[in-house]
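First the structure, in the form of structure tokens, and then the observations on it.
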Protein chains: 2
Amino acid sequence: MDSIDRSMLRLLQDDATLSNAALGEKLSLSVTPCWRRRKHLEDQGVVTGYQANIDRRAIGLDLLAFVHIRINIHSDKTADNFEAVVRSRPEVLSCHKVTGDADYILQVVASDLDAYGDFIERVLRKQTGVASIQSSVALREVKFSSKFPIPDES
Amino acid sequence: MDSIDRSMLRLLQDDATLSNAALGEKLSLSVTPCWRRRKHLEDQGVVTGYQANIDRRAIGLDLLAFVHIRINIHSDKTADNFEAVVRSRPEVLSCHKVTGDADYILQVVASDLDAYGDFIERVLRKQTGVASIQSSVALREVKFSSKFPIPDES
DNA sequence: GGTGAAAGCGAGGACCA
DNA sequence: TGGTCCTCGCTTTCACC
């Protein structure tokens with residue numbers, strides 16, 4: 001992984017539809033070496049896939065919330081069960097075990113407050129070990145990106 | 001936007017490299033109508049772009065944190081300034097104005113705790129109006145997805 | 001919604017510096 | 001590593017039904 005690879009990652013994060021020729025031009029590389037590097041990044045698992053980005057509002061997902069969850073039964077079984085549920089629910093965009101006041105922070109989307117409330121009450125609140133749930137509903141999206149900054153060296 | 005469009009969005013979120021032929025086959029559509037629908041979704045802005053997904057660890061971004069920020073000067077100028085800084089910093093993946101205890105929740109990545117600390121102290125803490133900063137560092141990534149669930153109707 | 005056709009592109013291979 | 005062909009089959013994107 002050198003600086004050309006990192007530039008390639010930056011470009012592909014911005015626009016995955018770039019052809020090898022267009023990509024190569026931006027990197028001062030011709031088609032084949034460009035293609036070889038790209039394939040290498042894919043085979044190594046640095047590039048994990050290509051996806052279309054969708055406007056959340058356009059598909060009716062008007063609500064996004066951060067959910068802070070505290071767990072009061074600290075057994076592996078409770079954690080495994082909770083995490084399996086979270087992974088299986090498509091409305092949960094992300095879930096992280098975190099330091100600080102909460103045990104888990106989740107990002108959840110829903111079409112409106114009703115649907116969100118349903119999810120909290122009927123799914124999350126029902127899980128064993130869930131001691132408290134605190135929601136922070138997004139009032140405004142200041143920034144939303146699924147692009148990582150690529151460090152100059154790694 | 002009908003159910004075929006929604007299925008198309010689901011498929012393209014999973015794999016943006018699908019050709020119109022492959023996509024059409026899954027949707028029981030021939031190439032041209034498939035391409036027309038796809039183009040329509042792009043032109044409407046439902047599909048906002050295509051991007052490569054990258055393994056955060058592979059590029060050395062070992063740390064992800066949620067940052068809860070409280071603001072004590074509630075003027076438009078303070079807010080605009082803060083939001084502009086946040087938008088300009090690539091290590092900030094997302095920033096939302098939220099309900100609840102915090103005014104803003106940010107998602108921030110960094111290569112390690114040192115780099116994260118630097119960002120908090122040298123960038124965020126320096127902004128006027130920032131009253132408190134509370135970090136929740138991710139200990140484990142239970143789920144991380146940048147795919148939205150596509151509702152059956154919208 | 002569907003066909004067909006022109007032009008372009010992608011995935012490789014072969015081979016050289 | 002990087003570069004230059006070259007090829008085959010597929011893709012995109014058009015005009016037209």
Side-chain angles (χ1 to χ4, degrees), chain A residues 1-56 58-60 146-154, chain B residues 1-61 111 145-154:
Chain A
M1 168 100 63
D2 60 11
S3 72
I4 301 179
D5 283 335
R6 285 190 288 270
S7 297
M8 181 178 284
L9 291 174
R10 286 185 200 104
L11 291 164
L12 288 176
Q13 261 196 137
D14 274 336
D15 181 6
T17 69
L18 285 172
S19 68
N20 286 317
L23 194 55
E25 197 177 348
K26 287 175 194 285
L27 298 168
S28 308
L29 228 51
S30 69
V31 181
T32 306
C34 179
W35 168 76
R36 278 199 288 247
R37 278 174 179 273
R38 184 181 195 158
K39 188 153 175 47
H40 192 217
L41 289 170
E42 291 166 2
D43 292 345
Q44 278 184 310
V46 179
V47 170
T48 56
Y50 296 91
Q51 77 164 83
N53 289 125
I54 289 174
D55 179 352
R56 174 165 68 85
I59 53 170
S146 34
K147 286 186 284 193
F148 293 120
I150 315 286
D152 285 335
E153 46 195 306
S154 68
Chain B
M1 167 98 62
D2 59 12
S3 71
I4 301 179
D5 282 336
R6 285 190 287 272
S7 298
M8 181 178 282
L9 291 174
R10 285 184 202 105
L11 291 164
L12 288 175
Q13 262 196 136
D14 274 337
D15 182 6
T17 69
L18 283 172
S19 67
N20 287 317
L23 195 54
E25 196 177 347
K26 287 174 194 287
L27 299 168
S28 306
L29 230 51
S30 68
V31 180
T32 305
C34 179
W35 170 76
R36 277 199 288 251
R37 280 174 179 271
R38 183 183 196 159
K39 188 155 177 45
H40 192 217
L41 290 170
E42 292 167 2
D43 293 346
Q44 278 184 310
V46 179
V47 170
T48 55
Y50 297 92
Q51 76 160 269
N53 290 126
I54 289 174
D55 179 351
R56 173 164 70 83
R57 296 290 162 85
I59 53 170
L61 295 172
S111 45
S145 163
S146 33
K147 286 186 284 193
F148 294 120
I150 316 286
D152 285 334
E153 47 196 306
S154 71

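So you know, we letter chains A, B, ... as the sequences are listed, proteins then strands, and number each from 1.
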Quiz: residues 51-58 of chain B side-chain donor-acceptor pairs under 3.5 angstrom, not counting sequence neighbours:
residue	atom	partner	partner atom	Å
B:Gln51	NE2	A:Asn53	OD1	3.1
B:Gln51	NE2	A:Ser146	OG	3.2
B:Asp55	OD1	B:Arg57	N	3.0
B:Arg56	NH1	B:Leu61	O	3.0
B:Arg56	NH2	B:Glu141	OE1	2.8

Any chance you could measure B:Thr17, atom OG1, to B:Asp15, atom CG, to the nearest 0.5 Å? 3.5 Å

Rounded to the nearest 0.5 Å, what separates atom NZ in A:Lys39 from atom CZ in A:Arg36? 12.5 Å

Report, one line per pair, each donor and acceptor closer than 3.5 Å where one atom sits in a side chain of residues 40-47 of chain A; sequence neighbours left out.
residue	atom	partner	partner atom	Å
A:Glu42	OE2	A:Tyr50	OH	2.6

Given protein heavy atoms under 4.0 Å, the one-letter contact record of nucleotides 4-17 of chain C, with B base, S sugar-phosphate only and - none, is simply B----SSSBB----

Strand contacts (DNA chain D) in residues 46-54 of chain B, 4.0 angstrom heavy-atom criterion: none

Could you check if a side-chain atom of A:Met8 sits within less than 4.5 angstrom of a side-chain atom of A:Leu12, using non-hydrogen atoms only? yes

Table please: side-chain donor-acceptor pairs of residues 18-34 of chain B below 3.5 Å, with sequence neighbours left out.
residue	atom	partner	partner atom	Å
B:Ser19	OG	B:Ala21	N	3.4
B:Ser19	OG	B:Ala22	N	3.1
B:Asn20	OD1	B:Arg38	NH1	2.9

From A:Ile150 CD1 over to A:Asp5 CG, what is the distance, rounded to the nearest 0.5 angstrom? 10.5 Å

Taking the side chain as everything from C-beta on, heavy atoms only, tell me whether A:Arg6 gets closer than 4.5 Å to B:Ile59. no

Reading DNA chain D 5' to 3', which nucleotide is the first, and which the last, to come under 4.0 Å of any heavy atom in chain A? D:dT1 to D:dC5

